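The structure under discussion appears below in the form of structure tokens.
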Protein chains: 2
Amino acid sequence: MDGAQTYQVSVNTVSENCTSCSLAAGCLPKGLPWQQWRQLDALARHPAVFVRRQRIYSQNAPFYSCYIVKSGAVKTVYINAQGQERVLGLYLPGDLFGLDGVGDGSHTCSAQALERSLICRINFADLEQHMARMPKLQRLLLQLMSDQLNAAHGLICSLSQSTAEERVVRFILELSDRYRQRKLSGTEFRLAMTKTDAANYLGLAVETLSRVLGRLRNRGLIRIQGRQLQILNEAALKAIADPSHIFLDS
Amino acid sequence: MDGAQTYQVSVNTVSENCTSCSLAAGCLPKGLPWQQWRQLDALARHPAVFVRRQRIYSQNAPFYSCYIVKSGAVKTVYINAQGQERVLGLYLPGDLFGLDGVGDGSHTCSAQALERSLICRINFADLEQHMARMPKLQRLLLQLMSDQLNAAHGLICSLSQSTAEERVVRFILELSDRYRQRKLSGTEFRLAMTKTDAANYLGLAVETLSRVLGRLRNRGLIRIQGRQLQILNEAALKAIADPSHIFLDS
DNA sequence: CGGGCGATTGACATTCATCAAGTCAAGTGG
DNA sequence: CCACTTGACTTGATGAATGTCAATCGCCCG
């Protein structure tokens, strides 16, 4: 038990079925023929509310379902034998998570809400049955897992070949992209995680993250107060993220 | 072309179709009902020979197929904009690789044979069709991707929270396990990669790897000459790999 | 025999983690 | 409403782990 109560109340800003959900276009039904959305509705449970820090599932728990973020944000963390936490993923509205458990039938990491969030739960056995009948859904799932694998590989490359600054800048640009994909501002947004979590995700000490952000601010590349971030010079950031880039004209 | 000929004479144990392949039990058909193996035979192309350093597929190439190692060994590498190489995976007989391309339809990394290897190619479109008809195969593929994702996450944790020594030891133990799973000796085996590649995979400089291995040898935990490795004190290695482990009885 | 890659070893440099203090904001309880 | 606590963040000083550079060796392969 951790002190987060368990309100499970659905909210009328976000609809309870895929056919009328404003997120559907960027969510699981993405790319599916419209008629098949109705079938998905049978799958998805009413979205449930999770408060900040509340667990959605726990490491080592048996795997029955995967989840989709409707609103808010979620992190996945792995806790090793020494009790150290390692942040593995950040999920924003429309993102599916929880498939880490398919491998051996139990979750390999925990998922926690970073703020008040609405989460759809999808029973995996049901999902599998639908997959067999809907080739596009089958493909979608594989693509999704492949994307996550590629993201992990990107992080691996960053961790072993990049400086703290490069990692931080790439993180900022990645967030920017993801917000843009969601039709939100890509130049001004709020970090969903605490800086401690963000540093952990990047394999850095909080202090290092703090210093790097300070430096970026002093150079006039970003503005940052608290978790509110604004990108002032995107080109310069991109140049840092990809050091091989040379400005032929500018 | 590079001269690489390493006759791995094993051959007649490896056959051209799944039903008679000695690897089948630990390969893709794993867990499928025997009758369905024949259907897989329709999928898999005759295994092809690749020599050391030969590419199996290239980064950015369009994705049509995935592959299975029948004999030998394969590495996948990502080459960044600066031309630096990063080793992402090591694949041994029975392992499937190449699904990195499902995401956006093109491979995100290259695959290279580490020694003379036999590789089965499987057309992905065909595989997908069979998946729809064979629920177990569908599940298997998802599990496989999940496993790879979990492996990547393990590496991420190691890279950001572990010392060079811990990483190296875990790598050795992981190899040991994988060889054991293949019914080979888990205490004495040959590193499939050069030490340069292994160091790269572990996010270390070759020099560091060399020094760490030297230290492990001096402490009598392993014997190593060239790529031939022998584990002398597995318990001690495990204690290093998982520092929280305390010997209650021994 | 010669060339080159892979590996080892030593000396040195540097990034980043760690430790320590202190600020700030937001609760929380009396 | 004020003292107290707590968590998130910042800033500075220091040190350690590991990368980088350089020299050398052995060995495989042409």
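None of the values given here were measured: they were computed from a predicted structure. So that the names make sense, note that chain A is the first sequence line, chain B the second, and so on, each numbered from 1.
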Got more than 12 heavy atoms from elsewhere within 6.0 Å of CZ, B:R227?
yes
Quick one: sort the A:F171 and A:Y201 rings into parallel, tilted or perpendicular, breaks at 30° and 60°.
tilted
side-chain hydrogen bond (donor to acceptor under 3.5 Å, both in side chains) partner of A:S176, the single match among A:E174, A:R178, A:R180
A:R180
d(CZ, B:R116; P, D:dC29) in whole Å:
14 Å
Winner on side-chain proximity to B:R167, out of D:dT18, C:dA17, C:dG6, is D:dT18
To the nearest Å, give me how far apart CG (A:L204) and P (C:dT18) are.
11 Å
When you measure from the side chain of B:S210, which nucleotide among C:dT9, D:dG19, C:dA17 comes out closest?
C:dT9
Between A:M193 and A:L90, is there a side-chain heavy-atom distance shorter than 4.5 Å?
yes
Starting the side chain at C-beta, find the nucleotide from D:dT18, D:dT11, C:dT9 nearest to B:A164.
D:dT18
When you measure from every atom of DNA chain D, which of residues 187-196 of chain A have a heavy atom less than 4.0 Å away?
A:T194, A:K195, A:T196
d(CD, B:E85; P, C:dC5) in whole Å:
14 Å
When you match A:E207 and A:T163 each to their closest nucleotide on DNA chain C, which lands nearer the 5' end?
A:T163
Between C:dC16 and A:E165, counting only base atoms on the nucleotide and side-chain atoms on the residue, is there a donor-acceptor pair under 3.5 Å?
no
Picking from C:dA7, D:dC9, D:dG19, the nucleotide nearest the side-chain atoms of B:R227 would be C:dA7
Options C:dA17, C:dC19, D:dA8, nucleotide nearest the side-chain atoms of A:R53
D:dA8
Validation row: B:S146, B:Q148 side chains within 4.5 angstrom (heavy atoms)
no
Are A:L204 and A:R167 packed together at the side-chain level, in the sense that at least one heavy-atom pair is separated by less than 4.5 angstrom?
yes
Evaluate the criterion ring-ring contact (aromatic ring centres under 6.0 Å, His included) for residue pair A:Y57 and A:Y67; output intermediate values, then yes/no.
CA-CA 10 Å; A:Y57 60 80; A:Y67 304 83; 5.7 Å; yes
Between atom CG in A:D197 and atom P in D:dG7, what is the gap in whole Å?
14 Å
Whole-Å distance between C:dT18 C1' and B:Q161 CD?
15 Å
A:L202 CG - C:dA17 P separation (whole Å):
11 Å
Would you kindly give the CG-to-P distance between A:L159 and C:dC16, to the nearest whole Å?
12 Å
Side-chain donor/acceptor contact of A:Q225 with base of D:dC9 under 3.5 Å
no
Counting distance alone, no hydrogens or angles: does the base of D:dG12 have a donor or acceptor under 3.5 Å from a partner atom on the side chain of A:R211?
yes
Atom CZ of B:R52 to atom C1' of C:dG4: distance rounded to whole Å?
13 Å
